[in-house]
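Structure record follows, encoded as structure tokens.
Just so you know, these numbers come straight off a predicted model, no measurement behind them. Residue indices begin at 1 and follow the sequence shown.
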Amino acid sequence: MKLRTQISILLIVFAVLLSGIVFAGFQLNKESVIDRQLDETTQHSERIAAGLDTRLEGLKRTVRLQATNPAIAAHGTPQQHYALKTMVNETTFNGVSVIHRNGTMTGIAAGLDPETRSELIGSDFSNRHYFQRARNGETYISAPVVADSGNYIVTISTPIYRDGAVVGTLNAALHLQDSSIFRMASKTANRDSSVFIRTQSGNQIYNRSAHLSSDPVTANATVNETGWIVQVQTSRNVLAGDLRTVTIYQFGGIGLVLALISGFGSILYTQILRYHRQLVRGFEALQRQEYGQQLAEEATGDWGQIFTAFNQLSQTLAEYEEERAKHRNELQQERDRFRRLFQSIPEPAVVVEYTGNKTLIHNVNETFEETFGYEASNAVGGDINDFIVPDGSLEEAESIDQLSSSGKQVTHEVRREAADGKRDFLLRSTPAVDGEDEVYFGVYIDITDRKQQKRELSKTNSVLSSVLENMPVGILIEDADRTITTANKKLLDILDVSLPPSELIGCEYAEIAATLKTQFADPDQFNERVNEIHSTRDAVFDEELLMADGRILARSYVSYSLPDGTGNIWLYQDITKNRQRERKLRETLEKTQELIQAESIDEAATIAVEIANQTLSFPLSSVHLERKGGELEPAAITDAFEEGVGDTPAYHRTADKSSIDKLVWDVYASGETRVLTDTGAETPETISGMPSSGGIIQPMTNHGVLVTLVDSPNRFDEFDQYLVELLGAILATTLDRINQKQQIESQRDNLDLLNQIVRHDIRNDLQILLGRLDLLAERANDAQSEHVNAALRCAENAVELTQSARELSEVLLQNGTDSKPISLNRVVRQQIEEIRSANTDAEITINGAIPDVMIRANEMFDSVIRNLLKNAIQHNDKQDPEITISAIDQKEYVQLRIADNGPGVRDAQKESIFGKGEKELESSGTGIGLYLVSTLIESYGGDVWVEDNNPRGAVFVIELVKDS
């Protein structure tokens, strides 16, 4: 074979080999394109997963924030239901509920009909996993659950704390198909991609399908908050253009190689082939993005320049890639930092772009959404002035926007429309750059409360200044350096300091103390006390100071904390008159004790005049009482009063208008106190012979008047008038008591006389009458017996009436209960035997046993049992009355029950049956027996009432105090 053929064959072999290398290199480039698409798909799935994490974390924060609302923890109240409805309306949640820590649902708001909601309230949800996790202190997102509608629902639960303890859980339900979290998260993927989200168990809860090829590029990512799997699929058709370009270059490169081999076969045979292989390897490294590769083989000529250029290109690409990666990392870190900072700002924050006629929103933080009530998805892209600027403030807002867009930092107070109404904000804006757009960053600081507090503080300061100047006490305030910061005019008046308050401000207390000490009774003690007070920390005390002029000052001292030490507040008040009044009131009350205990009218009047003269300092005093019609006679009078008028005066109703009689009788008749401040001017004729300058005439109801006069001007004031009125009222009350006592004693005498007549004269005559009627009944024939028996019944009723009247009068004549231990068993059995002997037709039984206990009563207790037994027989409509007696022994009381089989007592009569004379029309009783029972039982400290018997009749119950 010829050398040319051999070379040709060799060149063909090299050509085929080199073409294969070029083909393989570009084939690797194709795979790199596919790998790049896989990386982009993976980044899409990871961004979606990160977006879902961010959104779910925001929902968890929203639930935790709502759980701090006090109304949420008010289980079962309208406030709780309103708070739950408000949460549903203001958030993306489809329903919220509150479960008590014991597992009982106490509130729900989810658009349910009343019947369904009523069934859920009070149901037990303690077996719910999300409730158990939240009760243990965790904010938990549940696994999606399929509802009847086919919709997937997740529940976000968080504990409700009150005073550090979990009192329940707040549970927010989110319908995933209706929620915007998937749609917002999937926006990061391009339109040619399919997005699927599945739970850990494989259930698909979201999909956004696109028309893809049969072999799409697929990537998965995990949502950290829930463990959901996000799958993104991208069609390989997206790579078609890049692959065609790579293919063209691929075949073009092969053709070029063949051409070069054909043209320069000999060169390829010697050195160029070797250089070419090195160059190919270098390009293959670049294709793999292995930048910085150097061709170490030394070459000459063009190959040397090519190698040098390749090395420079490789090094430049390496430096560029390194710089680009660094810049990309820094940019990503900066964006992440800004995003975190932006969302963590506690005030509403917004990024806007001013376009000349609109201020478009680029981004808002969560606080902006909560404050103004607009979600970021609805706000971004809109004009911020259309959302939050109230009517009438648009021109101001546009001028602020223009100023901000000029690149200047702006701080301005504005009023904006928040979710809960108009509020005041401090707007701070600064220029910023968002990609290629020139935007500015704004923060709205809510100053509504601060402005309100400022207005209230200004108002409070004004009020305090006014109060300070009008306080009835002197006020002096020192700071931590003992420098006077506040003093009012009253202080200077009390301390007799001839300086305006303004000249005291800034002085040290020691300076004014040196001036003040001379006014006190003991100056040295005053100085020592001031030094002692200043050396005391956190002190609060009150003390009294005696002045040199005899006045008494009350001084209060309070120390309070300041940042640089302790300040002091001094309060001074002249209490001289108060102490004098306290002494006079104390002495008056002590003297009135003797007045209250007076036994006669004259004694009471004499004591009252002595108090008016000696204690109240009214030397011209007298008490005049109406003892005859039309005349007030003196019951007691001071010597000075009698000396002043000459004779003891008596005031007459029919006297002339110009006389003192008219003045006194007007006071007595009207019942209104008359104060005379200048008797010479007011009553020149009536007091003309009396050394009086003024006084008080005090009426005493229907008894008379108390006259108290002074012999010099300005001798009494309103407090003295109060004491005179008090003395007159006490005297009138004492006279009422004495009169009532006298009337009671007279009534008791009359009642005692009546009792004697009833007990002796009338009762003796009735007993004789009964005896004669008994004899007559034995001798009467049948026609006469009916009349004799009727007379006997009337006589027996009259005897019973005298017995009841006698017992009632004895009760009324008692001076007290005079109770003593009485055997309940003995009295009950004794009265039963007496009733049985007189009423053979009545059947009386004892149910159980009557306790052998002692009760607090007296000898009249026999009549209580007797009247109750007779009442049960007399009011019984049966021919054979049946009476059952039982008793219940309690700790402090014993209850006796007397039941009958009669007609019973109507409900309307049960309260009034124990009144005087209360009886049925057909009753043969006197009507005072039950009243006597009630009166005696109440005097023993017990109680009596009536109940219904079963099947018919009444039960009279008496409750008696046991003897201890």
Side-chain angles (χ1 to χ4, degrees), residues 7-8 10-43 217 236 238-336 433 435-436:
I7 294 174
S8 298
L10 185 60
L11 289 175
I12 291 171
V13 172
F14 278 118
V16 173
L17 181 61
L18 187 57
S19 297
I21 294 174
V22 173
F23 180 85
F26 281 98
Q27 191 66 30
L28 291 175
N29 192 28
K30 289 181 181 180
E31 294 178 358
S32 176
V33 172
I34 295 174
D35 291 340
R36 186 169 63 252
Q37 186 183 11
L38 178 59
D39 291 340
E40 291 177 355
T41 305
T42 301
Q43 292 177 5
V217 177
R236 292 183 184 274
V238 179
L239 305 175
D242 293 338
L243 294 177
R244 281 195 298 272
T245 301
V246 173
T247 302
I248 292 172
Y249 281 110
Q250 184 178 22
F251 287 99
I254 294 173
L256 178 61
V257 169
L258 293 175
L260 289 175
I261 291 175
S262 299
F264 304 97
S266 59
I267 299 174
L268 290 173
Y269 180 76
T270 56
Q271 291 182 340
I272 295 177
L273 185 59
R274 178 166 54 87
Y275 293 158
H276 182 268
R277 287 177 178 173
Q278 292 184 27
L279 187 60
V280 169
R281 287 195 296 269
F283 277 110
E284 288 176 349
L286 294 181
Q287 198 173 27
R288 295 191 301 270
Q289 296 183 351
E290 296 176 359
Y291 305 121
Q293 296 289 335
Q294 298 292 307
L295 301 179
E297 184 72 25
E298 294 184 1
T300 60
D302 294 337
W303 279 106
Q305 294 179 359
I306 291 172
F307 278 18
T308 301
F310 177 85
N311 290 340
Q312 291 177 351
L313 174 63
S314 178
Q315 184 63 32
T316 301
L317 288 174
E319 294 174 355
Y320 172 75
E321 182 64 20
E322 182 181 358
E323 185 65 26
R324 190 177 70 159
K326 180 179 178 182
H327 178 69
R328 186 167 56 247
N329 291 336
E330 291 177 351
L331 181 60
Q332 186 62 39
Q333 291 176 1
E334 189 65 26
R335 286 179 176 174
D336 292 342
V433 177
E436 298 179 355

Practice problem: Would you please name every residue forming a salt bridge (Lys or Arg N to Asp or Glu O under 4.0 Å) with Glu319, sequence neighbours left out? | Solution: none

Exercise. Can you measure from CD (Gln43) to CG (Leu38) and round to the nearest 0.5 angstrom?
Key: 10.0 Å

Self-check item: Within 6.0 angstrom of Gln315 CD, more than 12 heavy atoms from elsewhere
Solution: yes

Quiz item: Does a salt bridge link Glu323 with Lys326, judged by any charged N lying under 4.0 Å from a carboxylate O?
Solution: no

